[in-house]
Participant: 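This structure is in structure tokens; I'll ask about it shortly.
This is a predicted model, so every value here is computed, not measured. In the text below, chain A, chain B and the rest are named by the order of the sequence lines, each starting its count at 1.
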Number of protein chains: 2
Amino acid sequence: MELKAMTIGKLSSRAGVKVTTIRYYESIDLMPQPHRSESGQRIYDETSVERLSFIRHARDLGFPVESIRDLIDLQSKPDQDCASVDAIARRQLANVRYRLNQLEALEAELKRMIAACEGGSVENCTVLACLSDHNNCREDEHGRLNGLLEG
Amino acid sequence: MELKAMTIGKLSSRAGVKVTTIRYYESIDLMPQPHRSESGQRIYDETSVERLSFIRHARDLGFPVESIRDLIDLQSKPDQDCASVDAIARRQLANVRYRLNQLEALEAELKRMIAACEGGSVENCTVLACLSDHNNCREDEHGRLNGLLEG
DNA sequence: CTTGCCTCTACAGCCGCTGTAGAGAGTAAT
DNA sequence: ATTACTCTCTACAGCGGCTGTAGAGGCAAG
């Protein structure tokens, strides 16, 4: 007797990636088109689990999809030097560190802002005052922190 | 003689917010509909500069637009207790701290991953190995590889 | 046979903008 | 007055990385 075919739901729970996300990955060609059963259901195998787990780990570490694409490409050329892999990882580390710095600055400012507030009416609220006039609140000059919120 | 009317470009440079972003804020009712000149150009005044600056500062601090909406609402009721303002700020601080923790964990793992890689072919690349199997990577003694990446 | 979850496709929506196209308005220099 | 140039207008699509919806069909257990 045959083993039961792995459907998308099974793959989903094995790799820890939602069904809809798997279909999305397929639509952007991050996961290959799987075989289909007669009734049209997607059928996966162990290599799918591996690939999807790889993608998941990389996403967990914040690698953008495009980097993951590159990593998978590189993986398929095992004789090449791994310097390019290293470079992608270092780029990601630099990115994480950048966001870390920005968030630390944010935390400091929010803390200062909240600490200064001693309650009372909205009219005298230091939190709102800080937001209205940055300079009143800041101890040091930083650039804009736009774009910090993802991830 | 009258002062020249403030157009969207002037407001943009005064508040440090892009023209397109101002129009976007208007479209989501975060900025009110401004007066228009005869030819249909948006005309702003000082209160617009203040409001937009407030929004910008709050965005810089990572407040989501919906929170900013709430803050502006509260601002217009100056007699109220500022506890609700405080609560919004604290929620934001909690959010920032959460992301900070996540990023710190990410940084540690990326560092470990990169430090372990000693070059060579893609086939033996520890970076790819880590991504393929998370658990292989977490076992390393904490701190042993620290510092290998600096400088 | 019914129940109840699983899977299918196709498409809209999320956030917070950013970019595009094509047209009209305003200003400065010739 | 004409040219050249910038600014502004509207409307809509696109970004990343999914998530959610609707409506239909598949499949196994009781």
Participant: Any side-chain heavy atom of B:Ser132 sitting closer than 4.5 Å to one from A:Gln75?
Facilitator: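 Yes, at least one pair of side-chain atoms sits under 4.5 Å.
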Participant: Among C:dG16, C:dC8, D:dT8, which nucleotide has an atom closest to any side-chain atom of A:Ile8?
Facilitator: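 Minimum distance to the A:Ile8 side chain belongs to C:dC8.
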Participant: Find the distance A:Ile55:CD1 to D:dG17:P and express it as a whole number of Å.
Facilitator: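 Rounded to whole Å, this separation is 12 Å.
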Participant: Expressed in angstrom and rounded to an integer, what is the separation of B:Phe63 atom CZ from C:dC15 atom P?
Facilitator: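 Taking atom P of C:dC15 as the reference, CZ of B:Phe63 is at 18 Å.
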Participant: Is there a side-chain contact between B:Arg42 and the phosphate of D:dT10, meaning an N or O under 4.0 Å from OP1 or OP2?
Facilitator: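 The answer is yes; a side-chain N or O of B:Arg42 sits under 4.0 Å from OP1 or OP2.
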Participant: Are B:Glu104 and B:Arg99 ion-paired here, with the side-chain N under 4.0 Å from a carboxylate O?
Facilitator: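 Salt bridge absent between B:Glu104 and B:Arg99.
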Participant: Can you tell me the distance, in whole Å, between the CD atom of B:Glu66 and the P atom of C:dC14?
Facilitator: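 Rounded to whole Å, this separation is 11 Å.
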Participant: Is there a side-chain contact between A:Thr7 and the phosphate of C:dT7, meaning an N or O under 4.0 Å from OP1 or OP2?
Facilitator: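 Result: yes.
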Participant: Want to settle it: does B:Gly40 or A:Gly62 sit nearer the 5' end of DNA chain D, counting the closest nucleotide to each?
Facilitator: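 Whichever sits nearer the 5' end wins; that is B:Gly40.
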Participant: Which residues in residues 9-39 of chain A have at least one heavy atom lying under 4.0 Å from any atom of DNA chain C?
Facilitator: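 Heavy-atom contacts with DNA chain C come from A:Gly9, A:Arg23, A:Arg36.
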Participant: Do A:Ser48 and A:Asp45 pair up side chain to side chain, a donor and an acceptor below 3.5 Å, judged on atom types alone?
Facilitator: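 Distance-only check passes for A:Ser48 and A:Asp45.
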Participant: Go through C:dG26, D:dG26, C:dG16 for me and flag the one nearest to the B:Val65 side chain.
Facilitator: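 Nearest nucleotide to the side chain: C:dG16.
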Participant: Which whole-number value in Å describes the distance from B:Met6 CE to C:dG26 P?
Facilitator: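 Checked: the CE to P distance equals 18 Å.
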Participant: Taking atom P of C:dC15 as reference, at what distance in whole Å does atom CD1 of B:Ile68 sit?
Facilitator: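 Between P of C:dC15 and CD1 of B:Ile68: 13 Å.
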Participant: Name the atoms and distances for all side-chain donor-acceptor pairs under 3.5 Å in residues 15-29 of chain A, with sequence neighbours left out.
Facilitator:
unit_1: A:Glu26; atom_1: OE1; unit_2: A:Arg42; atom_2: NE; d: 2.7
unit_1: A:Ser27; atom_1: OG; unit_2: A:Tyr24; atom_2: O; d: 2.7

Participant: Among A:Val85, A:Leu71, A:Asp86, which residue satisfies the side-chain contact (heavy atoms from CB on, under 4.5 Å) criterion with B:Cys125?
Facilitator: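 Output: one option passes, namely A:Val85.
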Participant: Starting from C1' on D:dC18, measure out to CG on A:Leu52 and report it in whole angstrom.
Facilitator: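 Rounded to the whole Å, the gap is 14 Å.
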Participant: Drop me the distance from B:Gln92's CD to A:Met113's CE, to the nearest 0.5 angstrom.
Facilitator: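 Going from CD on B:Gln92 over to CE on A:Met113, the span is 8.5 Å.
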Participant: Sequence neighbours left out, what passes side-chain contact (heavy atoms from CB on, under 4.5 Å) with B:Arg97? Give chain and number order.
Facilitator: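 Once residues adjacent in sequence are excluded, the partners of B:Arg97 under the side-chain contact (heavy atoms from CB on, under 4.5 Å) criterion are A:Glu107, A:Lys111, B:Leu93.
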